[in-house]
Asks: 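Let me begin by handing over the structure; questions about it come next.
All residue numbers refer to positions in the sequence shown, counting from 1. Predicted model only: the values in this text are computed from it and were never measured.
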Amino acid sequence: MGKIKHIAITAEDPFATAELFKKALGLEEISRGDSDLAREVYLTDGYLNIAVVCWKRTKETPNPYPDGYGLDHFGVHVDNLASAEERARKAGATSQPPPPVDLSRLAGNTLYFEKKLQLAGVKFDLSGHGWATKKEQQTDK
């Protein structure tokens with residue numbers, strides 16, 4: 001069985017939003033970045049990784065959030081990626097459309113997901129190696 005280990009939130013100001021979640025929930029900051037692509041903060045409660053992200057407006061992506069900000073997707077850490085994907089697809093999951101940004105341009109190479117799927121209108125990621133929940137893990141990728 002997979003374990004939910006990651007939640008992604010989009011926010012106009014991820015730094016201020018992260019501070020609110022740290023203050024309200026006692027979350028620890030793992031890392032933050034500010035590249036030409038995105039501003040992002042990674043938080044944890046020691047078990048769950050929470051990304052607070054704002055993709056920047058670019059010529060290629062003038063409006064990265066046509067539906068507004070908020071909960072974007074969740075990520076599931078699985079023991080066997082191939083069988084987890086097969087099980088999800090048998091239940092009706094399909095591939096997510098490509099993101100509106102070039103993820104290879106992210107600072108720090110912080111991509112932890114391996115498969116991006118959606119089911120019943122809800123986006124989720126699958127990962128066999130999981131997401132960082134400690135500062136030293138964040139720099140491993």
Asks: State whether D125 and K5 are salt-bridged, where the test is any N-O pair (Lys NZ or Arg NE/NH1/NH2 against Asp/Glu carboxylate O) under 4.0 Å.
Replies: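 Salt bridge flag = no for K5 with D125.
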
Asks: Rounded to the nearest 0.5 Å, what separates atom CD in E86 from atom CG in N80?
Replies: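 One gets 9.5 Å once the value is rounded to the nearest 0.5 Å.
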
Asks: Is it true that K123 and D72 have a side-chain N and a carboxylate O under 4.0 angstrom from each other?
Replies: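 Yes.
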
Asks: Check L81 against S127 and note the closest heavy-atom contact, atom names and distance.
Replies: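 Heavy atoms of L81 and S127 come nearest at CD1-N, 4.2 Å.
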
Asks: Looking at S35 and K56, what are the two nearest heavy atoms and their distance?
Replies: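 Scanning both residues completely, I find the closest heavy atoms to be O-NZ, 2.7 Å.
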
Asks: Search all heavy atoms of A88 against all heavy atoms of L117 and return the closest pair with its distance.
Replies: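 Heavy atoms only, the tightest pair is CB-CD1, 4.0 Å.
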
Asks: Would you mind reporting whether K116 and S95 have side-chain heavy atoms less than 4.5 Å apart?
Replies: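 Of all side-chain heavy-atom pairs linking K116 with S95, none is under 4.5 Å.
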
Asks: Is K134 reaching over with its side chain to a backbone N or O of T44, donor-acceptor style, under 3.5 angstrom?
Replies: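 The answer is no, because no donor-acceptor pair under 3.5 Å joins these two groups.
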
Asks: Can you find a pair of side-chain heavy atoms, one from V41 and one from F21, that are under 4.5 Å apart?
Replies: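 They are not in side-chain contact.
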
Asks: Mind checking the OG1-CG spacing from T58 to N63? Nearest 0.5 Å is all I need.
Replies: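 If we round to the nearest 0.5 Å, T58:OG1 and N63:CG are 10.5 Å apart.
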
Asks: Could you report the tightest heavy-atom contact between A11 and V52, atom names first, then the distance?
Replies: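 Between these two residues, the closest heavy atoms are CB-CG1, 4.0 Å.
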
Asks: State the CG-CG distance between L48 and L25, to the nearest 0.5 angstrom.
Replies: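 Rounded to the nearest 0.5 Å, the CG-CG separation comes out at 11.0 Å.
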
Asks: Would you say F124 and I4 make side-chain contact, with heavy atoms under 4.5 Å?
Replies: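 No; the side chains remain at least 4.5 Å from each other.
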
Asks: Would you kindly confirm whether L27 and L20 end up in one hydrophobic cluster when ILVMFWY residues are joined by side chain heavy atoms under 4.5 Å apart?
Replies: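 L27 does not cluster with L20.
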
Asks: Working to the nearest 0.5 Å, report the span between CZ of R39 and OG1 of T17.
Replies: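 So the CZ of R39 and the OG1 of T17 are separated by 9.0 Å.
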
Asks: Are there more than 12 heavy atoms of other residues, nucleotides or ligands under 6.0 Å from atom CD of E12?
Replies: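 Counting other residues, nucleotides and ligands, CD of E12 stays at 12 neighbours or fewer.
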
Asks: Run through R87, E85, H77 and flag the one making a side-chain contact (heavy atoms from CB on, under 4.5 Å) with L126.
Replies: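 Among R87, E85, H77, the one meeting side-chain contact (heavy atoms from CB on, under 4.5 Å) with L126 is E85.
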
Asks: Would you say the side chain of Y65 lies within less than 4.5 Å of the side chain of T10, judging by non-hydrogen atoms?
Replies: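 Answer yes - side chains close enough.
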
Asks: Taking the six-membered ring where the residue is Trp, are the ring centres of H73 and H6 under 6.0 Å apart?
Replies: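 Centroid separation for H73 and H6: below 6.0 Å.
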
Asks: Just verifying a value: how many Å separate L71 CG and I7 CD1, rounded to the nearest 0.5 Å?
Replies: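 Reported to 0.5 Å precision, the distance equals 7.0 Å.
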
Asks: Within a strict 4.5 Å, meaning less than it, do heavy atoms of the T133 and Y47 side chains meet?
Replies: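 The answer is no, as the side chains (C-beta and beyond) never meet within the 4.5 Å cut-off.
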
Asks: Once rounded to the nearest 0.5 Å, what's the spacing between atom SG of C54 and atom CG of L37?
Replies: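 So the SG of C54 and the CG of L37 are separated by 10.0 Å.
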
Asks: For the residue pair Y42 and A51, what are the closest heavy atoms and their distance?
Replies: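 Smallest interatomic distance, heavy atoms only, reads CE2-CB, 3.5 Å.
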
